[in-house]
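Each chain gets a letter, A, B and so on, in the order its sequence line appears, and its residues count up from 1.
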2 protein chains.
Amino acid sequence: MSGSHPMRKPTQGPKAQTQLRTLERLEAACRTRGRRLTRQRRAVLRALLAEGGALTAYELHERLRVADGRSTPAGVYRALEFWMTAGAVHRLESTRSFILCEHPESPHPGQLLICHECGQVVETEDKGVAAAANRLGERLGFVLDRHPVELTGVCRPCRAQGRAAEPGRRPAT
Amino acid sequence: MSGSHPMRKPTQGPKAQTQLRTLERLEAACRTRGRRLTRQRRAVLRALLAEGGALTAYELHERLRVADGRSTPAGVYRALEFWMTAGAVHRLESTRSFILCEHPESPHPGQLLICHECGQVVETEDKGVAAAANRLGERLGFVLDRHPVELTGVCRPCRAQGRAAEPGRRPAT
DNA sequence: CGCAAAATGATATATTGTATCAATCAGTGT
DNA sequence: ACACTGATTGATACAATATATCATTTTGCG
Ligand SMILES: [Zn+2]
Ligand SMILES: [Zn+2]
Ligand SMILES: [Zn+2]
Ligand SMILES: [Zn+2]
């Protein structure tokens, strides 16, 4: 993930501040509900926050191993599973990576816009997309779940920098 | 894929007929354009057609190996890559599997509705979802590519059969 | 035919994700 | 503080998914 996209800047802007508060809230909520807030789980959450973007399980493992040699892939996956169940982390299927949820306060059918040039991810809660998807589901007899919808494309900065050839699939020419 | 979802019936209805014609058209188109239509590529396409649903690369490899012991995972992945570039096959990121495109005649930003109980996949070209996604992309500076959007949920038959507990994520209770 | 480009076969390896089970830890009641 | 109980971890092995490399074969073409 981060290795293959060296362009992403790990800014610590107001978004990170908001996430930090959210994180503390999440951790607290966790404790008071019988779920256990452990060293490893906390470490995974904080590593994702520090990164400010998506990381693969093994990238997380590498980072955690620096501070605590006992980290294992299995442990990282277990922690990720825990946080996904809690709604605090999303899995990006298209890049096999994981990212902090930006609105963990409330359940939400969201969208994840992913730039396949720089790896940037933006999370939204667009009513239009959600409604259209639900209508489509109804029409076809599907009850959609609330996993965020992944939309891939090219972000503005990447287009400006000339990366991003033709968006979309090449026609079979 | 098929192993984990024994409920899917491999119907050979009118859809399969349509796909067969499409397949022949695709194969012919391929030949006349300098792209080579080879034994292995044809075998992959026909295996997907015979299945009538999604298969993982290794499931394809197993099927191909029966008829031709020389099939390798690498070869299967190469053939899949070829057909995806040609727009004839879609990759389902959420299940790491591959499926024939149901409308390969024309390029399309489509949707793939995936039942996570039975593995059924329905491909659509819903204007509403496409438009909403594009509007969202514009608003955020993203030019979306044309990979189909994956929507997961539970299909009607599966809901009727009592499978499909609560759709969506459990709130962090 | 004889060449060059495309594709394959064979093999090795990288990446991503789970299973198992004994040891440890966190919360609970005494 | 102490022991009890179930959740969690550490350690290890392994399964599943995907790509890299390169010599050989096939294909299209002059
Ligand atoms: Zn979210
Ligand atoms: Zn970008
Ligand atoms: Zn399609
Ligand atoms: Zn179903």
Side-chain angles (χ1 to χ4, degrees), chain A residues 1-5 27-45 54-86 89-99 119 172-173, chain B residues 1-5 27-28 30-45 54-86 89-99 116 119:
Chain A
M1 265 283 94
S2 55
S4 51
H5 294 300
E27 290 187 350
C30 224
R31 243 187 301 260
T32 62
R33 281 179 209 173
R35 332 195 94 202
R36 296 184 186 174
L37 181 58
T38 63
R39 191 173 33 83
Q40 188 159 214
R41 289 173 177 174
R42 198 190 320 254
V44 162
L45 210 57
L55 287 172
T56 69
Y58 275 76
E59 285 170 345
L60 275 166
H61 168 55
E62 273 307 297
R63 282 163 170 68
L64 264 55
R65 207 165 49 74
V66 174
D68 180 350
R70 291 168 302 179
S71 167
T72 65
V76 171
Y77 278 105
R78 285 187 291 225
L80 288 169
E81 172 67 24
F82 173 85
W83 288 120
M84 285 191 291
T85 300
V89 165
H90 295 303
R91 178 192 164 81
L92 302 176
E93 298 290 350
S94 57
T95 56
R96 277 143 252 170
S97 61
F98 303 84
I99 193 167
T173 315
Chain B
M1 264 286 95
S2 53
S4 52
H5 294 299
E27 290 186 351
C30 226
R31 242 189 301 264
T32 61
R33 279 181 210 175
R35 334 196 93 203
R36 296 183 187 174
L37 181 57
T38 62
R39 189 172 36 82
Q40 188 159 215
R41 288 172 180 177
R42 198 190 319 256
V44 162
L45 210 57
L55 287 172
T56 69
Y58 275 77
E59 285 170 344
L60 275 166
H61 168 55
E62 274 306 300
R63 281 162 170 68
L64 265 53
R65 207 165 50 74
V66 174
D68 179 350
R70 291 169 302 178
S71 167
T72 63
V76 171
Y77 278 105
R78 283 188 293 224
L80 287 169
E81 172 65 24
F82 174 85
W83 289 120
M84 285 192 291
T85 299
V89 165
H90 295 303
R91 179 191 164 81
L92 302 176
E93 298 291 350
S94 58
T95 56
R96 276 143 248 165
S97 61
F98 302 85
I99 193 166
H116 51 59

Undergrad: Nearest-Å distance, CG (L80(A)) to P (dT18(C))?
TA: 11 Å

Undergrad: What is the distance from CG of L37(A) to C1' of dG27(C), rounded to the nearest Å?
TA: 14 Å

Undergrad: Could you state the atom-to-atom distance from CZ of R96(A) to P of dG17(C) in whole Å?
TA: 8 Å

Undergrad: Which nucleotide, dT8(D), dG10(D), dG17(C), lies nearest any side-chain atom of F98(A)?
TA: dG17(C)

Undergrad: Toward the 5' end of DNA chain C, which comes first, R70(A) or T38(B), by nearest nucleotide?
TA: T38(B)

Undergrad: Keeping R41(A) on the side-chain end and R36(A) on the backbone end, is there a donor-acceptor pair under 3.5 Å?
TA: yes

Undergrad: To the nearest angstrom, how far is L64(A) atom CG from dA11(D) atom P?
TA: 14 Å

Undergrad: For E81(A) and dA19(C), give me the distance from atom CD to atom C1', rounded to whole Å.
TA: 15 Å

Undergrad: Taking CG from D68(B) and P from dA10(C), how many angstroms apart are they, rounded to a whole number?
TA: 9 Å

Undergrad: Which nucleotide in the list dG10(D), dA18(D), dT21(D) gets nearest to the side chain of R78(B)?
TA: dT21(D)

Undergrad: If you check every side-chain atom of T72(B), which of dT11(C), dT17(D), dT16(C) has the closest atom?
TA: dT11(C)

Undergrad: To the nearest 0.5 Å, what is the distance between CZ on R78(A) and OG1 on T72(A)?
TA: 5.5 Å

Undergrad: Can Y58(B) be said to stack with the base of dT17(D), given centres closer than 5.5 angstrom and planes under 30 degrees apart?
TA: yes

Undergrad: Rounded to the nearest 0.5 Å, how far apart are OH of Y77(A) and CE of M84(A)?
TA: 9.5 Å

Undergrad: Here's a test of your reading of the structure: between G69(A) and E93(B), which maps to the more 5' nucleotide of DNA chain D?
TA: G69(A)

Undergrad: Hey, which of these two, A74(B) or R41(B), hits DNA chain C nearer its 5' end, going by closest nucleotide?
TA: R41(B)

Undergrad: Using whole Å, what does the distance between atom C1' of nucleotide dT13(C) and atom OH of Y77(B) come to?
TA: 14 Å

Undergrad: Counting side-chain heavy atoms from C-beta on, which of dG9(C), dG28(D), dT9(D) comes nearest to R36(B)?
TA: dG28(D)

Undergrad: Rounded to the nearest 0.5 Å, how far apart are CZ of R65(A) and OG of S71(A)?
TA: 8.0 Å

Undergrad: Any side-chain heavy-atom pair from T56(B) and S97(B) closer than 4.5 angstrom?
TA: yes

Undergrad: What is the distance, to the nearest angstrom, from the CZ atom on R39(A) to the P atom on dG27(C)?
TA: 14 Å

